[in-house]
Peer 1: 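Below is the structure I would like to discuss, written out as structure tokens.
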Amino acid sequence: MASTFKTIEGTFDVLPGAAVAVHRVEAWQEVERGIRAVMHRFAFEEIRTPILEPTALIARGIGQLTDIVSKEMFSFERGRTSYVLRPEMTAPVVRAYLQHHLSQRPGAARLCYLGPCFRAERPQRGRYRQFHQFGAEILGVTDSRADAEIILVMMAIYEELGVTGTDLRINTLGDEHSRPRYRQALQAYLEQFKGDLSPISQERLARNPLRILDTKVANERELLQGAPKLPDYVDKHSRAHYEALKGWLDDANVRYTEDPFLVRGLDYYTRTAFELEHAKIGAQSALAGGGRYDLLASAIGSRHPVPAVGFAAGLERLFLALDAAGVTLPGRQPVDVWVVAMGPDAERQAFSLVQACRRAGLRTGSDWSGRSLKAQMRLANRAAASYVVILGERELSSGQVQIRQMRTGMQTAAPMNTIVTYLQSQQNASAIT
RNA sequence: GUGACCGUAGCUCAGGCGGUUAGAGCGCCAGGUUGUGGCCCUGGAGGUCGGGGGUUCAAGUCCCCUCGGUCACCCCA
């Protein structure tokens, strides 16, 4: 209770050296580095968009009927404008693509992102109000190889980081003509059993019946056994697209399961839909999801349709999966050098020496509280310093400072002006091994 | 938004049916003689017992409210 204020519900600080990886900066840095490395290798380029977007972009992009828009947005008015803290990144990326006419650049746009998103849900394991998404989008390509590539980068990231036990499920939702036909058929079927449906499903029946497909209620799942099947309604072209996608995935040796009940919570998906799940990370088992969204650009005002496909993944859930896989992530980073000084004259020299070390590229620490030698040595040890340079009255008068290699305890004297080059050579030597 | 469980030092936790100055381990700080870390020993700092109200002679311990955490529903990343 040192402070009156604390992080608000569903948010958390990320600190150096925290015990739990998801709360530790060094772990985040490592994971982010890994994600970006894979994205880079797949020739995606990073895009950064504002956290604040116009509410209408999200509402029209994701769909008014979705849970995200209808009840999970952090939005507020200011002047005559309504703003949202972005709940996801796909709509903003497409907005940027249209705004900056990225279609005019040569070839397809291959964009990736990583950053905070916000949803006003009740927090629980793997679910926060401020959370982080990373993902990739390919805009301007109709071919199913784009769908396949999106799935491939996604899988590569988890594989690279050492996540095991994932389960990829895929489906096709059909196009803008066949999907409504199926919707009607499903609606008509479920209407007969309306009384047996849960209140939520009853609500959905009228507005968004496809969402009922992924219900967890046992008797509803039973009812769905006799329901019209989505694959039977999918149009010829979507069917072919889907078959081709499976072919590419097979060629790439990606394992997947087909799930005709897989639908997604965002309205903009057409044809391909997929989800990456993990069985051992709790109720929030979806690591990532995505699909094709050829209608989104038009929905947010583009005069020309933009074929597009992408995935989005949760960083916090990735941490859960990493933990389940037993992957260890880095903690506090050691320093190369720690400079110890005793007495005002030595402290003055030491201050300059510290800066000289840093200019030479050495990670260098020191303590300016005027502690005892013993205490300063202790700090050097805690900082996991490779070397300690000791400066006191004796060193000042002799011109020779002490250099101690902490691991071995070996200590030698050397002229003050040779220290930096000596430490540099030591660092280079250890870098090679 | 609904439900269940939980909330004591920086961290992990003890604190039988309410009763003297609230404890431990780890961590932190400082000593263990003259200028040296990690091990060990000694000492010290640090808590309005999440916050507010109530019951009582007396509450960390009981009741209510509130805030937060956790897990599940829901939803999705």
Side-chain angles (χ1 to χ4, degrees), chain A residues 1-12 15 17-20 23 62 66-72 86-90 113-135 154 198-201 203-204 208 211 214-217 263-266 275-278 281-290 310-321 338 340-343 346 369 371-396 402-411:
Chain A
M1 283 296 104
S3 166
T4 320
F5 299 110
K6 42 187 178 182
T7 52
I8 61 176
E9 182 181 2
T11 69
F12 58 89
L15 306 171
V20 183
H23 294 150
I62 301 179
T66 59
D67 291 274
I68 294 175
V69 172
S70 60
K71 55 188 188 195
E72 294 169 4
R86 63 181 183 205
E88 59 108 48
M89 304 270 257
T90 301
Y113 58 79
L114 189 160
C117 293
F118 304 82
R119 255 119 101 158
E121 296 183 279
R122 187 83 172 267
Q124 69 181 75
R125 183 177 174 83
R127 188 167 81 184
Y128 300 92
R129 292 190 155 192
Q130 175 175 336
F131 62 106
H132 295 75
Q133 280 197 350
F134 64 93
M154 181 180 82
S198 66
I200 305 154
S201 290
E203 165 76 24
R204 288 211 175 104
N208 204 356
R211 298 289 302 121
D214 64 358
T215 180
K216 287 177 186 170
V217 183
V263 288
R264 309 221 10 109
L266 290 71
E275 229 169 73
L276 188 67
E277 279 201 291
H278 197 291
I281 60 171
Q284 305 304 308
S285 58
L287 290 174
F311 84 91
L315 254 310
E316 287 81 358
R317 289 183 192 177
L318 170 54
F319 275 104
L320 252 26
W338 192 271
V340 167
M342 286 161 294
S369 317
R371 301 181 202 233
S372 68
L373 173 58
K374 187 192 183 89
Q376 291 189 62
M377 289 301 292
R378 201 157 42 223
L379 290 178
N381 186 242
R382 304 282 155 79
S386 305
Y387 289 88
V388 168
V389 177
I390 301 167
L391 265 166
E393 299 302 325
R394 283 184 211 159
E395 287 72 22
L396 248 39
Q402 295 290 318
I403 304 177
R404 184 181 181 85
Q405 185 179 33
M406 292 298 272
R407 191 174 54 79
T408 59
M410 285 200 342
Q411 189 166 319

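Every chain is numbered from 1, with letters handed out A, B, ... down the list of sequences.
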Peer 1: Only counting residues at least two apart or in another chain, list the ones meeting side chain to side chain donor-acceptor pair (under 3.5 Å) with A:E72.
Peer 2: none
Peer 1: How many whole angstroms separate atom CD of A:Q376 from atom P of B:G31?
Peer 2: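 Spelled out: CD on A:Q376 to P on B:G31 is 12 Å.
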Peer 1: Between B:C29 and B:G68, how far is it from one P atom to the other, in whole Å?
Peer 2: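 Looking at atom P only, B:C29 and B:G68 are 34 Å apart.
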Peer 1: Using the criterion of both pairing distances under 3.5 Å for Watson-Crick and G-U wobble pairs, give all stems of 3 or more consecutive pairs involving RNA chain B.
Peer 2: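 Stems for RNA chain B, defined as runs of 3 or more consecutive pairs: B:1-7 with B:67-73, B:10-13 with B:23-26, B:28-32 with B:40-44, B:50-54 with B:62-66.
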Peer 1: Please pick, from B:C28, B:C73, B:G31, the nucleotide with the shortest atom-to-atom distance to any side-chain atom of A:S372.
Peer 2: B:G31
Peer 1: Output the rounded distance in Å from CZ (A:F118) to P (B:C75).
Peer 2: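 In whole Å, B:C75 P and A:F118 CZ are 24 Å from each other.
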Peer 1: With hydrogens left out and only the distance checked, is there a donor-acceptor pair under 3.5 Å joining A:E121's side chain and the base of B:A77?
Peer 2: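 Check passes, donor-acceptor contact within cut-off.
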Peer 1: Report yes if the side chains of A:M342 and A:L391 come closer than 4.5 Å at any heavy-atom pair, otherwise no.
Peer 2: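 No, too far: nothing below the 4.5 Å cut-off.
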Peer 1: Any heavy-atom pair between the side chains of A:Q411 and A:Q405 that's under 4.5 Å?
Peer 2: no
Peer 1: Write down the distance separating the C1' atoms in B:C11 and B:G47, rounded off to the nearest Å.
Peer 2: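 Rounded to whole Å, the distance is 14 Å.
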Peer 1: Could you tell me how far apart A:L373 (CG) and B:G37 (C1') are, to the nearest whole angstrom?
Peer 2: 9 Å
Peer 1: OP1, OP2 of B:A30 versus side-chain N and O of A:R378: anything below 4.0 Å?
Peer 2: yes
Peer 1: Please measure how far the P atom in B:C73 lies from the corresponding atom in B:C13, and state the result in whole Å.
Peer 2: 24 Å
Peer 1: Nearest whole angstrom, please: distance from the P of B:C39 to the CE of A:M406.
Peer 2: 12 Å
Peer 1: Under the side chain to side chain contact (heavy atoms under 4.5 Å, CB included) rule, collect the residues that match up with A:A375, sequence neighbours excluded.
Peer 2: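 Expected list: A:R371, A:S372, A:R378.
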Peer 1: Remember a base hit wins even if backbone is also touched, and classify A:A286 as base, sugar-phosphate or nothing at under 4.0 Å, heavy atoms.
Peer 2: base
Peer 1: Would the base of B:G37 count as contacting A:N381 through its side chain, where contact means a donor and an acceptor less than 3.5 Å apart?
Peer 2: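 Looking at the base of B:G37, it does pair with a donor or acceptor on the side chain of A:N381 (distance under 3.5 Å).
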Peer 1: Rounding to an integer number of Å, can you tell me how far A:R129 CZ sits from B:C75 C1'?
Peer 2: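 It is 13 Å, rounded to the nearest whole Å.
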Peer 1: I'd like to check the side chain to side chain donor-acceptor pair (under 3.5 Å) partners of A:Q130; sequence neighbours left out, ordered by chain and number.
Peer 2: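 For A:Q130 there are no side chain to side chain donor-acceptor pair (under 3.5 Å) partners, ignoring immediate neighbours.
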Peer 1: Checking only heavy atoms, does the side chain of A:R371 share a donor-acceptor pair with the base of B:C29 at less than 3.5 Å?
Peer 2: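 Donor-acceptor pair under 3.5 Å: no.
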Peer 1: On RNA chain B, compare the nucleotides closest to A:I281 and A:A288; which residue's is nearer the 5' end?
Peer 2: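 The answer here is A:I281.
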Peer 1: Take atom P in B:G7 and the same atom in B:G15, then report the distance between them in whole Å.
Peer 2: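 So the two P atoms sit 11 Å from each other.
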Peer 1: Would you mind classifying the nucleic acid contact of A:A385 as base, sugar-phosphate or nothing, using non-hydrogen atoms under 4.0 angstrom?
Peer 2: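 Nothing, no nucleic acid heavy atom in range.
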Peer 1: Report the residues that fulfil side chain to side chain contact (heavy atoms under 4.5 Å, CB included) with A:E88, sequence neighbours left out, ordered by chain and then residue number.
Peer 2: A:I62, A:T90, A:A91, A:P92, A:R119, A:Q133, A:L266, A:Y268
Peer 1: Go through B:G38, B:C29, B:G68 for me and flag the one nearest to the A:R404 side chain.
Peer 2: B:G38
Peer 1: By the 4.0 Å heavy-atom rule, please label A:L318 as base, sugar-phosphate, or nothing.
Peer 2: nothing
Peer 1: Which residues pass the salt bridge (charged side-chain N to carboxylate O under 4.0 Å, His left out) test with A:E9, not counting sequence neighbours?
Peer 2: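 A:E9 satisfies salt bridge (charged side-chain N to carboxylate O under 4.0 Å, His left out) with A:R129 only.
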Peer 1: Test of understanding: with side chain to side chain contact (heavy atoms under 4.5 Å, CB included), list the residues that count as partners of A:E316, not counting sequence neighbours.
Peer 2: A:F12, A:V22, A:W28, A:Y128, A:F131, A:H132
Peer 1: So A:F319 and A:V20, do their side chains get closer than 4.5 Å, heavy atoms only?
Peer 2: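 Side chain of A:V20 against side chain of A:F319, heavy atoms only: no contact under 4.5 Å found.
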Peer 1: Considering only the P atoms, how many Å lie between B:G18 and B:G60, rounded to the nearest integer?
Peer 2: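 These two P atoms come out 13 Å apart once rounded.
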Peer 1: Identify, with sequence neighbours excluded, every residue that meets salt bridge (charged side-chain N to carboxylate O under 4.0 Å, His left out) alongside A:K71.
Peer 2: A:D67
Peer 1: Who are the salt bridge (charged side-chain N to carboxylate O under 4.0 Å, His left out) partners of A:R407, not counting sequence neighbours?
Peer 2: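 Salt bridge (charged side-chain N to carboxylate O under 4.0 Å, His left out) check on A:R407 returns nothing, list empty.
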Peer 1: Each nucleotide N or O in nucleotides 69-71 of chain B that has a protein N or O under 3.5 Å away: list the pair and distance.
Peer 2:
from	atom 1	to	atom 2	distance (Å)
B:G69	OP1	A:G10	N	2.9
B:C71	OP2	A:R125	N	2.7

Peer 1: Using salt bridge (charged side-chain N to carboxylate O under 4.0 Å, His left out) as the criterion, list what pairs up with A:E395, not counting sequence neighbours.
Peer 2: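 None.
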Peer 1: How far, in whole Å, is B:G16 from B:U55 if one measures between their C1' atoms?
Peer 2: 22 Å
Peer 1: Would you call A:L15 and A:H23 a side-chain contact if the rule is heavy atoms closer than 4.5 Å?
Peer 2: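 No, side chains not in contact.
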Peer 1: Can you identify which nucleotide, out of B:G37, B:C75, B:C29, has its nearest atom closest to the A:M377 side chain?
Peer 2: B:G37
Peer 1: Which part of the nucleic acid does A:R407 contact within heavy-atom distance under 4.0 Å: base, sugar-phosphate only, or nothing?
Peer 2: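 Base contact.
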Peer 1: Taking atom P in both B:U2 and B:U8, what distance in whole Å separates the two?
Peer 2: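 B:U2 and B:U8 have their P atoms separated by 25 Å.
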Peer 1: Within the structure shown, what part of the strands sits under 4.0 Å from A:Q411 by heavy-atom distance: base, sugar-phosphate, or nothing?
Peer 2: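 Base contact.
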Peer 1: Taking atom C1' of B:A77 as reference, at what distance in whole Å does atom OH of A:Y113 sit?
Peer 2: 9 Å
Peer 1: Looking across every strand, which nucleic acid part, if any, lies under 4.0 Å from A:R119 by heavy atom: base, sugar-phosphate, or nothing?
Peer 2: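 Base: the residue A:R119, judged by heavy atoms under 4.0 Å, touches a nucleobase.
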Peer 1: Specify the separation, in whole Å, of atom CZ of A:R86 and atom P of B:A77.
Peer 2: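 Taking CZ of A:R86 and P of B:A77, I get 15 Å after rounding.
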Peer 1: Tell me, which of residues 386-396 of chain A have any heavy atom that sits under 4.0 Å from an atom in RNA chain B?
Peer 2: A:I390, A:R394, A:E395
Peer 1: C1' atom, B:G10 versus B:U66: distance in rounded Å?
Peer 2: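 Those two atoms are separated by 26 Å.
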Peer 1: Given atom NZ of A:K374 and atom P of B:C40, what is their separation to the nearest angstrom?
Peer 2: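 Those two atoms, NZ and P, are 13 Å apart.
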Peer 1: If we only count heavy atoms from C-beta on, is the A:L320 to A:R125 side-chain gap below 4.5 Å?
Peer 2: yes
